[in-house]
Amino acid sequence: MQQDAPFHGLWRNARLATMRPGEGNALGIVEHGAVAMRDGRIVFAGPEAALPSAEAAEVVDCGGRWITPGLIDCHTHLVHGGHRAAEFEQRLAGASYEEIARAGGGILGTVRATRAAGEDGLIATALPRLDALIAEGVTMVEVKSGYGLTLDAERAQLRAARALEGARSVSVRTSFLGAHAVPPEYRGDAEGYVSLLCEEMLPALHAEGLVDAVDAFAETIAFTPAQVARLFRAARALGLPVKLHADQLSDGGGAALAAQWGALSADHLEHANEAGVAAMARAGTVAVLLPGAFYMLRESVAPLVALMRQHGVPMAVATDCNPGTSPMTSILLAMNMAATLFRLTVEECLLGTTREAARALGRLDEVGTLEAGKWCDLAIWNVETPAELVYRLGFNPLHRRVRRGQ
């Protein structure tokens, strides 16, 4: 019998959680499975008995271990200067996030440190945070700007984010979050700052190839829906997808606003209402749930997960790694928190850091599931059941991480 073209890599004797829909179970489980790769892309993922006949340049016996797609952290503020441990102490003493922000702390505190760090300093401090995520099987990470708030400082953040992909074997997606806070230079003139974002900063950064998506913070302490709409209109004119920090601290109609603009995702959503959730479902907007910030801020209102299920809103889970409200660099802990604090199921947590995280970044065509044609991004685990990835605390069972077949 004539053999197919040789595989460049073959992982056999494995149990697969393909995350593909339509496999008869939520995680697309394949017992006695194998994954074959050619030129960095998957050419087969399924039962080993159905593997096409072909030689393989490298064969890895997985010893019955589980293989999932490489994990994806689809919401981070990984690149920043400084830390905000003092504000953590203030919150423990009773100060609210909003009080700290209005006193010049919060995001603006990190803005000062980020502007002072410079591009090289931002890369140097981001790498240990990135390494912690990589060590837990992350193969793709989204990185937001938003701590510079001037053209030069935002450029430095985005250039640093791009540099991470060259410094480590990881895929990086960038989001321009210039609409994170009104900078000190524009205090009292939010409209003028939004004009700067739309007319100067975004066009320049996009022209330099630094922007994959545009994000904004819609909140009483940040930007109004009308201001966000101005920015999203500018993004659409440049052909860029949008995302939104929505309804984190109050119900400001952020979920519906994100849906109105066909956003890839609406993130946080603790105070979203049912009409907004239904609008997201119609628009195909992913809900990115961020339990780290919920935990650190000791919030009491959780996202409407049951309604998201009811309306069929895809749910992703991410670390929200940032210096103020979620200084977390563990995607596994984020999954556990999503389960314990938000009552997600094991399946929802695992899909939320693979398939739905890829959907939230607009990259489901390339990553997020184990199927032919996608990049061969794998995480191989020393666990008896995928539930262990969500259940355990402070335990990293990663056996091996593979990115693009390497």
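All values derive from a computational prediction rather than experimental measurement.
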One should read off an interatomic distance between N322 CG and R84 CZ, to the nearest 0.5 angstrom, of 6.5 Å
D247-H268 side chain donor-acceptor pair, cut-off 3.5 Å:
no
Sorted by chain and residue number, the side chain to side chain donor-acceptor pair (under 3.5 Å) partners of Q310 (sequence neighbours excluded) come out as none
Side chains of S265 and D267, donor plus acceptor under 3.5 Å:
yes
Value for OG1 (T285) from CE (M280), rounded to nearest 0.5 Å, stands at 5.5 Å
ask   = Going by the angle between their ring planes, with limits at 30° and 60°, are Y193 and Y186 parallel, tilted or perpendicular?
value = tilted
Looking only at the side chains, is there a donor atom on one of K243 and S175 sitting less than 3.5 Å from an acceptor on the other? no
Taken in chain and number order and not counting sequence neighbours, the residues that satisfy side-chain contact (heavy atoms from CB on, under 4.5 Å) with R15 are E31, W66
Check: Mind checking whether Y147 and H80 have parallel, tilted or perpendicular rings, split at 30° and 60°?
Finding: perpendicular
Value for CD (E98) from OG1 (T220), rounded to nearest 0.5 Å, stands at 4.5 Å
Exercise for review: State plainly whether the residues R309 and E347 are in salt-bridge range, i.e. N to O under 4.0 Å.
Suggested key: no
Those residues at least two apart in sequence (or on a different chain) that pass side-chain contact (heavy atoms from CB on, under 4.5 Å) with E299 are L249, F294, L297
Check your understanding: Hey, are Q227 and E191 close enough side-chain-wise for a donor-acceptor pair under 3.5 Å?
Key -> yes
- Query: Looking just at side-chain N and O atoms, do S250 and E219 make a donor-acceptor pair shorter than 3.5 Å?
  - Reply: yes
Show your working on salt bridge (Lys or Arg N to Asp or Glu O under 4.0 Å) between D120 and R159 and close with a plain yes or no.
CA-CA 10 Å; D120 290 343; R159 284 174 56 89; over 6 Å; no
Exercise. Do S330 and E136 get their side chains close enough for a donor-acceptor pair, meaning under 3.5 Å?
Worked result: yes
For E142 and K144: C-alpha separation, side-chain torsions, deciding distance, then whether salt bridge (Lys or Arg N to Asp or Glu O under 4.0 Å) applies.
CA-CA 7 Å; E142 184 257 18; K144 302 178 189 298; 2.6 Å; yes
Determine the interplanar angle of the F232 and W261 rings, folded into 0 to 90°, and report it as parallel if under 30°, tilted if 30 to 60°, perpendicular if over 60°.
perpendicular
